[in-house]
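Take a look at the structure set out below.
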Amino acid sequence: MSFQDSPQRKLVIVEQKLVRNRGHQHTQIGALRNMLPGFDLHLITGEDYNGFLGEATARTSKRSRDLSKLYWRTRHGSARQKIDAALRALVAGQILSLPGSSYGHVLAKTCDALQMSSDDLVIVPSADLESLESTCWFVENKQGQTPRLLLRFLDPELGEHKGFRRKERLKVLSKTLAAANNLVLSCETEEMAAYLNAQYGLDVKGGFYLPCSFDPADPPIQPERPISDAFRIGLFGAPRPGKGYERIGAIVSCIEDRLKTAPQERPIEILLQGAEENYVDGGVYAFADKYKADEGILRILKLSDRLDPSEFTDRFLSTDAILLPYDTAVYGLQGSGIIQDAVAAEKFVIHSEGISMQNLLNSGNALAASSDSGFAEAICEAAMSRGESHHNRRAAREKYLASLGNNFLIGADAQV
């Protein structure tokens, strides 16, 4: 039976990092609402949520999260970490009552208050190991019927950077995971699903995409720009580890060198998104001031990392291509919301060789590069052939749309 067949079921979405105009957490709520339109939606958020998507039914606690971390460090940390965690627990007055999960009790209380049954659904779209521990605690301690639980992992480390501790924590959960028939684990990419299955023996389903800022069902309305205008390529998102931001200065220098030897008719304009401190002296994008936004063959337009959704949409749609010099040590497995945005908006993508989500990037809608000079070559090549990949970009969007239609959550035979 499909979830869409029963209109009055309840849906609880757990999103602890829900903040206006930051990340893709807020877009995931809208995507799930669209995918499951007949459900009565409730939110469990973090303490910092300001209600911009409606009132939260419940909130998780930073204190509970911190105490849960102490719980696991007292059991699976190094000797030094165990002593430190025990002392911190003693100071907090919790030495004998550290919680084994950060929000399992919140989930149980919410489901009781909503009188949720096995026909209802709980989704954690940005799940990590804390989420898995909390849902397992809920399964173990909930009396009576429990709703169906769906966790969607975005990070192959599951939010736990210490490999030995990750394995120990998963080992503790293995018995519950083996017995829980109402708990489904998923992730965006097939690459990450295969890795988690092989590395930890977890039964993880890949291909659970959630549209971000653009819906592939709606063909994007591209702003009209003369063919003689600058070729515009965008690097969106705040500079964070794994995003390749530290190599942008070198890539720009390589573009500049190439344009000196092989000048082009159209300028190349880079839309660069970052915080104010990224652009000042000593910042990672301090070089940007050298390239004026409205003159020269190579230009840089500086964008804030806090664009409101409408401005982000306008800026994104104004580009010809999207630049993703991502570190494949991170993004060789996990997915990217920007890739989904680019494909849904029919943008050409220039990305690191070996990046994940290759099923969305193999329709002739992308170029791969590995070196800084390789990125510069790819950008200049795309600038010279702007518009020639339109058919391929449309094909990629249609493939993405088809994959959403086959999603195991909403497909004709969907069962969780």
message = For Gln199, is the CD atom crowded, meaning more than 12 foreign heavy atoms sit under 6.0 Å from it?
response = yes
task = Give the minimum heavy-atom separation between Ser318 and Arg232, together with the two atoms involved.
result = OG-NH1, 3.0 Å
ask   = Can you check whether Thr319's main-chain N or O pairs, donor with acceptor, with Lys347's side chain at less than 3.5 Å?
value = yes
No-hydrogen, no-angle side-chain donor-acceptor test under 3.5 Å, Ser126 and Glu15 = yes
ask   = Going through the distances and angles, do Glu346 and His390 end up as a side chain to side chain contact (heavy atoms under 4.5 Å, CB included)?
value = CA-CA 8 Å; Glu346 295 186 4; His390 178 69; 3.7 Å; yes
message = Using a 3.5 Å distance criterion without hydrogens, assess whether the side chain of Asn278 forms a donor-acceptor pair with backbone atoms of Tyr285.
response = no
Side chain to side chain contact (heavy atoms under 4.5 Å, CB included) partners for Ala193, two or more places apart = Cys187, Val204
request  = Please list, chain by chain and in numerical order, all residues satisfying side-chain hydrogen bond (donor to acceptor under 3.5 Å, both in side chains) with Thr57, sequence neighbours excluded.
outcome  = His42
Residues in side chain to side chain contact (heavy atoms under 4.5 Å, CB included) contact with Cys136, at least two apart in sequence or another chain = Leu132, Leu173, Thr176, Leu177, Leu183
key: Backbone N/O of Glu160 and side chain of Arg166: donor-acceptor pair under 3.5 Å   = yes
request  = Taking atom NZ of Lys399 as the centre, report whether more than 12 heavy atoms of other residues, nucleotides or ligands fall under 6.0 Å from it.
outcome  = yes
request  = With sequence neighbours left out, write down each residue that passes ring pair (Phe, Tyr, Trp, His ring centres under 6.0 Å) with Tyr195, or none if nothing qualifies.
outcome  = none
task = Measure from the side-chain N and O atoms of Arg33 to the backbone N and O of Leu41, and report whether any donor-acceptor pair falls under 3.5 Å.
result = no
query = Does Arg299 have any side chain to side chain contact (heavy atoms under 4.5 Å, CB included) partners at least two apart in sequence or in another chain, and if so, which?
reply = Ala230, Pro267, Glu269
request  = List in chain and number order the residues that pass ring pair (Phe, Tyr, Trp, His ring centres under 6.0 Å) with Phe138, two or more places apart in sequence or in another chain; answer none if no residue qualifies.
outcome  = none
remark   = Applying side chain to side chain contact (heavy atoms under 4.5 Å, CB included) to Lys109 and not counting sequence neighbours gives none
request  = With sequence neighbours left out, write down each residue that passes ring pair (Phe, Tyr, Trp, His ring centres under 6.0 Å) with Phe153, or none if nothing qualifies.
outcome  = none
query = With under 30° as parallel and over 60° as perpendicular, where do the rings of Tyr326 and Tyr331 fit, or are they tilted in between?
reply = tilted
task = Could you tell me whether the side chain of Tyr279 and the main chain of Gly274 form a donor-acceptor pair under 3.5 Å?
result = yes
key: Candidate list Asp120, Asp40, Ile123, test side chain to side chain contact (heavy atoms under 4.5 Å, CB included), partner Leu11, passing option   = Ile123
remark   = Those residues at least two apart in sequence (or on a different chain) that pass salt bridge (Lys or Arg N to Asp or Glu O under 4.0 Å) with Asp289 are Lys302
inquiry  = For Gln334, is there any backbone N or O sitting under 3.5 Å from a side-chain donor or acceptor partner on Ser356?
reply    = yes
task = Check for a donor-acceptor pair, side chain of Arg59 on one end and backbone N or O of Tyr49 on the other, with a separation under 3.5 Å.
result = yes
request  = Verify, without hydrogens or angle tests, whether Asn365 (side chain) and Arg394 (backbone) share a donor-acceptor contact under 3.5 angstrom.
outcome  = no
remark   = Residues at least two apart in sequence or cross-chain that pass side-chain hydrogen bond (donor to acceptor under 3.5 Å, both in side chains) with Asp128, listed by chain then number, are Ser131
Flag for Gln16-Lys62: side-chain donor and acceptor within less than 3.5 Å = no
key: Tyr291: ring pair (Phe, Tyr, Trp, His ring centres under 6.0 Å) partners, not counting sequence neighbours   = none
ask   = Just by modelled atom types, is the Asn392 backbone N or O under 3.5 Å from a matching donor or acceptor in the Ser389 side chain?
value = no
Less than 3.5 Å apart, which donor and acceptor atoms pair up between the side chains of residues 244-254 and the rest of the protein, not counting sequence neighbours?
from: Arg247; atom 1: NE; to: Asp372; atom 2: OD1; distance (Å): 2.8
from: Arg247; atom 1: NH2; to: Ser370; atom 2: O; distance (Å): 3.0
from: Arg247; atom 1: NH2; to: Asp372; atom 2: OD1; distance (Å): 3.0
from: Ser253; atom 1: OG; to: Gly249; atom 2: O; distance (Å): 3.2

task = Check for a donor-acceptor pair, side chain of Ser352 on one end and backbone N or O of Ile355 on the other, with a separation under 3.5 Å.
result = no
key: Glu168/Arg165 ion pair, N-O < 4.0 Å   = no
